[in-house]
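A short worksheet on the structure shown next.
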Amino acid sequence: MSRYDPSEIEPKWQQAWDNARVFEARRDPAKPKYYVLEMFPYPSGRIHMGHVRNYTMGDVVARTKAAQGYSVLHPMGWDAFGMPAENAAMERGGHPRDWTEGNITEMKAQMKPLGLSIDWSRELATCRPEYYGQQQAMFIDMMEKGLVYRKAAVVNWDPVDMTVLANEQVIDGRGWRSNALVERRELTQWFFKISDYSGELLAALDGLKDWPEKVRLMQANWIGQSKGLQFAFQTVGAPAGFETLEVYTTRPDTLMGASFAAISADHPLAKALESHPDVAAFTALCRKGGTSALEIETAEKIGFDTGLRVKHPLDPSVELPVWIANFILMDYGTGAIFGCPAHDARDFEFATKYGLTIKSVFVAEGAVETPLTEPYVPMKSEPVHYIRGFAGPAVQTGEAAVTAAIAHAEAAGFGHGVTNYRLRDWGISRQRYWGCPIPVVHCDACGVVAEKKANLPVELPYDVTFDIPGNPLDRHPTWRNCTCPSCGAPARRETDTMDTFVDSSWYFARFTSPHATTPTVAEDAAYWMNVDQYIGGIEHAILHLLYSRFFARAMHKTGHLPAKAIEPFNALFTQGMVTHEIYKTTDANGRPVYHLPEDIIRSDAGATLADGTVVEVIPSAKMSKSKKNVVDPMNIISAFGADTARWFVMSDSPPERDVEWTASGAEATFKHLSRVWALSVRVAEMPLDHQGEGDADLLRATHRAIAEVTAGIEGFAFNKAIAKLYEFTNAIGRASASTIAMKDALRILAQLMQPMTPHIAEAVWAAQGGAGLCAQAPWPKADPALLEDDTVILPIQINGKRRAEISVPKAMPASEVEKLALANEDVLRFLAGQPIKKLIVVPGRIINVVV
RNA sequence: GCGGGCGUGGCGGAAUGGUAGACGCGACAGACUCAAAAUCUGUUAUCGCAAGGUGUGUCGGUUCGAGUCCGACCGCCCGCACCA
């Protein structure tokens, strides 16, 4: 044994784990199971530090649980469909499949050196027929259960990627991937009926105790439940079939303030009126409106008075005008509203612009009615005085008034309470090649027919080209032409493929039986589900996690998952990013120029380039190629080893927060591991019969370390666990104990380090005479008797300020402690004879004297 | 606008309502060296020679005791946003 050389020990121990097949997950009825999963990566071709941090966290959990006696499932796969593969094919030629498979090979080769405890025999890639064929089978099952439908819909069209985006994929009016301004188009699309589960997906959030509160809130807001009244206006002068107009409101208590009704430009009534050219022109104008955040925010409210009237439900002698307005959404509520300008900011703006009546329904308690210059919209929980109420007492909260108004409407028979959700159905059609084909066939005689399961998978044809924009499947005659599974006549395949979020909505279930010829296998799913600990980025707080929750329910309904798995992730942890400083200079034209970390010379004065140019240092930002602040894990592994990379990304910052990668931090980690190595070498060379007087102290330090490191890992406080490992290492280094005791302590140190730095742990374990593999050694248990010292040091406060301390036996009764404290000379000096008003003794913690 | 989170040394961060700053980085000093690197030892919130004082964004409150709990404010970050 000589110097710490990761390049020598890391491959060696990885080989040893492989040979012993340590990480293969096996169903073992004798053991409790534990399923650890990190969000699977997109095979971009390169791993980055974020991956290292994400997978190391999962690995720490997996290795700890395995040592604690669990049967652990810790798999890895590839979220392999999606646009980058097609973009690469378009830009560089080649084929998406070859590009993707090549990237998978490369990335796997980069992940292997990290020494993760992954069961690679379960590896899957969503782009392989073995996987997506099962997805198609489930799609057909979902069709049968009424969870899939087709409809013409106004969709978000990404003009750059030439595809449809889900609402969730439109961020600030731009495509989430292309960043192009999204347009509105009407297309026939495939949808999953996630809205059937709105209420359940919302209600079940309460049960997800081990999810971050933040994620639950984000999902709750996204589902967006509202309770209100739906009722019908009687229309006056409307075309046949529109004798009534259904509207929805969450503020039925303001009905007496109604001054107009408004419908969406996409409302059937608006379409019926389009025979009039002015109406047609106006609705066309509304539809043209962009969906970018900027446009929406600055969009002026525009309206068109149809000339129609509706009768007020509480007073048929009052008639309200019906307007078409651009701010009414067709796919929320009924696509029609009544406007109460006095108590709604949008309605106020609209009424002001078009000179409509503004009539108060309520005023603040004790106030009198005055003409409004702005809408009065108090919190619903605030009591107000109803001057034009029609249900409940004159003074009540908005909430109470809404409830009373709904009850009144139901009793009077003109409306009923309705719960609405913001969540829309999930549009999954994509006009792309590199995705899972939707397994249906269009037949002139039979219509839209599901492909026979026997004919699955509907495989993507390999012979396609990407020289023209659009979907290559559309122009592939031999693939597209097929026979109808129902009547056998010539028919055409559906050429839309599925949103890649479908692929990632069930991979966690597939890992339980990744090579089965059905989507899942009942016994495997029953044994391994649920995921006990899921780890990934906060950026998936809504989309991926909500879709997965829906899919788990759909899989249960179609018989592919047990009832217990409808909430598939028992615990969720969202980890922070790995960040790095950005080094910037400015070119002659004032444009920013970014520099690689290795080109920077840091000194006390700041940062410069090799030629002395002063560089601006922008602190801690997400690693990005364009900012040149990316640190390649492969460079770190070759310079310092995987253990250093793993240890560093887990140290310093709490795992949910961002961690800044610094060169000095990485070096410091390497130095620490080298010290552990040197310590192990030193102890290995000690004569076996060497005695020392520090054995008892070292044993105490050891058991404290076991308790604290275990608590740190189990509480997802890896940074604290690492801090305790530093302390423990220093304690061993300083100890003057017998060789036997030193070896014992080092073996425990190896075990406690093993989840973070598995390779050096194995080496130390072996050097100190550990039996078998450290990775398979049972996790050490702390002896409670060794965690407490016999004597404790108690600080003494006088009036809350620390003035002295005494050392007392732990078991000393409070009355004895009081006497000792009051006899302490520092205490006497500070008391200076003042009478004691109160004396507080918190056993084992503190003494406070109040004068 | 609505919802949520966070403010602690030069830096990352510790702290079941009980000694604020664990652990690490950086810095400084010393040892070793012809010298440097590496390594090792020590110091390192702040004012003060000391005794002691002051310190967790600001102001107030609860408490024997507040970084922690409560209220108001300031600042930063995140999510949603014409959802009736």
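Throughout, protein chains are lettered first and strands after them, A, B, ... in sequence-line order, and every chain is numbered starting at 1.
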Review point. Checking A:R3 against A:W677: charged group under 6.0 Å from the ring centre and within 45 degrees of the axis?
Key: no

Review point. For B:G17, does OP1 or OP2 lie under 4.0 Å from any side-chain N or O of A:R845?
Key: no

Check your understanding: Base, sugar-phosphate, or nothing: which does A:F648 touch, judged by heavy atoms less than 4.0 Å apart?
Key -> nothing

Check your understanding: Given B:A15, is OP1 or OP2 found less than 4.0 Å from the side-chain N or O atoms of A:K720?
Key -> yes

Point to revise | A:F338 and A:F233 aromatic ring geometry - parallel, tilted or perpendicular at 30°/60° bounds | key: perpendicular

Point to revise | Any A:K301 side-chain nitrogen or oxygen under 4.0 Å from OP1 or OP2 of B:C82 | key: no

Check your understanding: Counting side-chain heavy atoms from C-beta on, which of B:G18, B:A14, B:C82 comes nearest to A:I840?
Key -> B:G18

**Study point:** Options B:A15, B:G18, B:C23, nucleotide nearest the side-chain atoms of A:V842
**Key:** B:G18

Revision key, fill the gap. Out of B:U19, B:G3, B:A22, minimum distance to the side chain of A:P795 belongs to B:U19

Practice item. Select one nucleotide: of B:G52, B:A84, B:A22, the one nearest the side-chain heavy atoms of A:T249. Key: B:A84

Check your understanding: In whole Å, what separates the P atom of B:A15 from that of B:C23?
Key -> 13 Å

Check your understanding: Between B:A81 and B:G3, how far is it from one P atom to the other, in whole Å?
Key -> 16 Å

Exercise for review: Would you mind telling me which of B:G12, B:G3, B:G18 lies closest to the side-chain atoms of A:I846?
Suggested key: B:G18

Review point. How many angstroms lie between OG1 in A:T403 and CG in A:D253, if you round to the nearest 0.5 Å?
Key: 9.0 Å

**Study point:** A:F327 six-ring face occupied by A:K301 cation (under 6.0 Å, within 45°)
**Key:** yes

Point to revise | Spacing of A:H672 atom NE2 relative to B:G24 atom P, expressed in whole Å | key: 9 Å

Review point. What does B:C32 pair with, Watson-Crick or G-U, if both distances are under 3.5 Å?
Key: none

Review point. Nearest-Å distance, CZ (A:F670) to C1' (B:G24)?
Key: 17 Å

Review point. So, is A:S651 near the phosphate of B:C23, with a side-chain N or O under 4.0 Å from OP1 or OP2?
Key: no

Study note, to complete from the structure: Smallest heavy-atom separation, A:I636 atom then A:M49 atom, equals CG1-CE, 3.4 Å

Check your understanding: Which one, B:C82, B:G24, B:U19, comes nearest to the side chain of A:F327?
Key -> B:C82

Check your understanding: What interatomic distance, in whole Å, is found between C1' of B:U41 and the corresponding atom of B:C6?
Key -> 39 Å

Practice item. Ignoring the backbone of A:Y248, work out which of B:C25, B:C82, B:A84 is nearest its side chain. Key: B:A84

Study note, to complete from the structure: Using Watson-Crick geometry (N1-N3 plus N6-O4 or O6-N4) or G-U wobble (N1-O2, O6-N3), each under 3.5 Å, B:G79 is paired with B:C2

Exercise for review: Tell me which nucleotide among B:G12, B:C78, B:C23 gets nearest to the side chain of A:D652.
Suggested key: B:G12

Exercise for review: Please determine, for the side chain of A:N719, which listed nucleotide (B:G13, B:C80, B:A22) has the closest atom?
Suggested key: B:G13

Check your understanding: Just how far, in rounded Å, is P of B:C25 from NZ of A:K671?
Key -> 8 Å

Check your understanding: Any side-chain N or O of A:K214 less than 4.0 Å from the OP1 or OP2 oxygen of B:G4?
Key -> no

Review point. Should B:G10 form a Watson-Crick or G-U wobble pair with both distances under 3.5 Å, which nucleotide is its partner?
Key: B:C25

Review point. In terms of side-chain heavy atoms of A:M218, which of B:U19, B:C23, B:G79 is nearest?
Key: B:G79

Check your understanding: Considering only the C1' atoms, how many Å lie between B:A38 and B:U33, rounded to the nearest integer?
Key -> 11 Å

Practice item. Take atom P in B:C11 and the same atom in B:G26, then report the distance between them in whole Å. Key: 15 Å

Check your understanding: OP1 or OP2 of B:C40 less than 4.0 angstrom from a side-chain nitrogen or oxygen of A:R675, does that happen here?
Key -> yes

Review point. Quick one: does A:N221 reach the base of B:C80 with a side-chain donor-acceptor pair under 3.5 Å?
Key: no

Exercise for review: Nearest whole angstrom, please: distance from the P of B:A22 to the CD of A:E727.
Suggested key: 10 Å

Point to revise | Minimum heavy-atom distance A:L255-A:P313, with the two atoms named | key: CD2-CG, 4.0 Å

Exercise for review: State the syn/anti category of B:G9 according to its glycosidic angle, syn meaning within 90° of 0.
Suggested key: syn

**Study point:** Whole-angstrom distance between B:A14 and B:G24, as gauged at atom C1'
**Key:** 11 Å

Check your understanding: Just how far, in rounded Å, is P of B:C25 from CD1 of A:I722?
Key -> 13 Å

Practice item. Tell me what A:R734 touches on the nucleic acid: a base, only sugar-phosphate, or nothing, going by heavy atoms under 4.0 Å. Key: nothing

Review point. Between A:Q219 (CD) and B:G4 (P), how many Å, whole number?
Key: 17 Å

Review point. Taking any strand in view, what nucleotide pairs with B:A20 in a Watson-Crick or G-U wobble way, both distances under 3.5 Å?
Key: none

Review point. Taking atom types as modelled and ignoring hydrogens, do the side chains of A:Q230 and A:E246 form a donor-acceptor contact shorter than 3.5 angstrom?
Key: yes

Check your understanding: Start at the 5' end of RNA chain B and walk down; is the nucleotide closest to A:V849 or to A:S664 reached first?
Key -> A:S664

Check your understanding: Distance check: side-chain N/O of A:R803 vs OP1/OP2 of B:G53, anything under 4.0 Å?
Key -> yes

**Study point:** Interatomic distance, A:I223 CD1 vs B:G3 C1' [rounded to whole Å]
**Key:** 15 Å

**Study point:** Short side-chain N/O contact from A:K801 to OP1 or OP2 of B:U54, under 4.0 Å
**Key:** yes

Exercise for review: Hunt down the Watson-Crick or G-U wobble partner of B:C69, both distances under 3.5 Å, from any strand shown, or write none.
Suggested key: B:G61

Point to revise | Which atom of A:D826 lies closest to which atom of A:A804, heavy atoms considered | key: CB-CB, 3.7 Å

Review point. With a non-hydrogen cut-off below 4.0 angstrom, is A:T669 in contact with a base, only sugar-phosphate, or nothing?
Key: nothing

Check your understanding: What closest approach, in Å, do A:T702 and A:A745 show between heavy atoms, and which atom pair accounts for it?
Key -> OG1-CB, 3.8 Å

Practice item. Considering only atom P, compute the distance from B:G71 to B:G5 and round it to an integer number of Å. Key: 12 Å

Check your understanding: If you look at every strand shown and take non-hydrogen atoms under 4.0 Å, does A:E660 touch a base, only sugar-phosphate, or nothing?
Key -> nothing

Check your understanding: In Å, rounded to the nearest 0.5 Å, how long is the span from CE of A:M577 to CZ of A:R657?
Key -> 13.5 Å

Check your understanding: Rounded to whole angstroms, how far apart are CG on A:D331 and P on B:C82?
Key -> 12 Å

Review point. Contact class for A:I328 vs. all strands (heavy atom < 4.0 Å): base, sugar-phosphate, or nothing?
Key: base

Review point. If each of A:E656 and A:I793 is mapped to the nucleotide of RNA chain B with the nearest heavy atom, which maps nearer the 5' terminus, i.e. the 5' end?
Key: A:E656

Point to revise | C1' atoms of B:G9 and B:A20, separation to the nearest Å | key: 11 Å

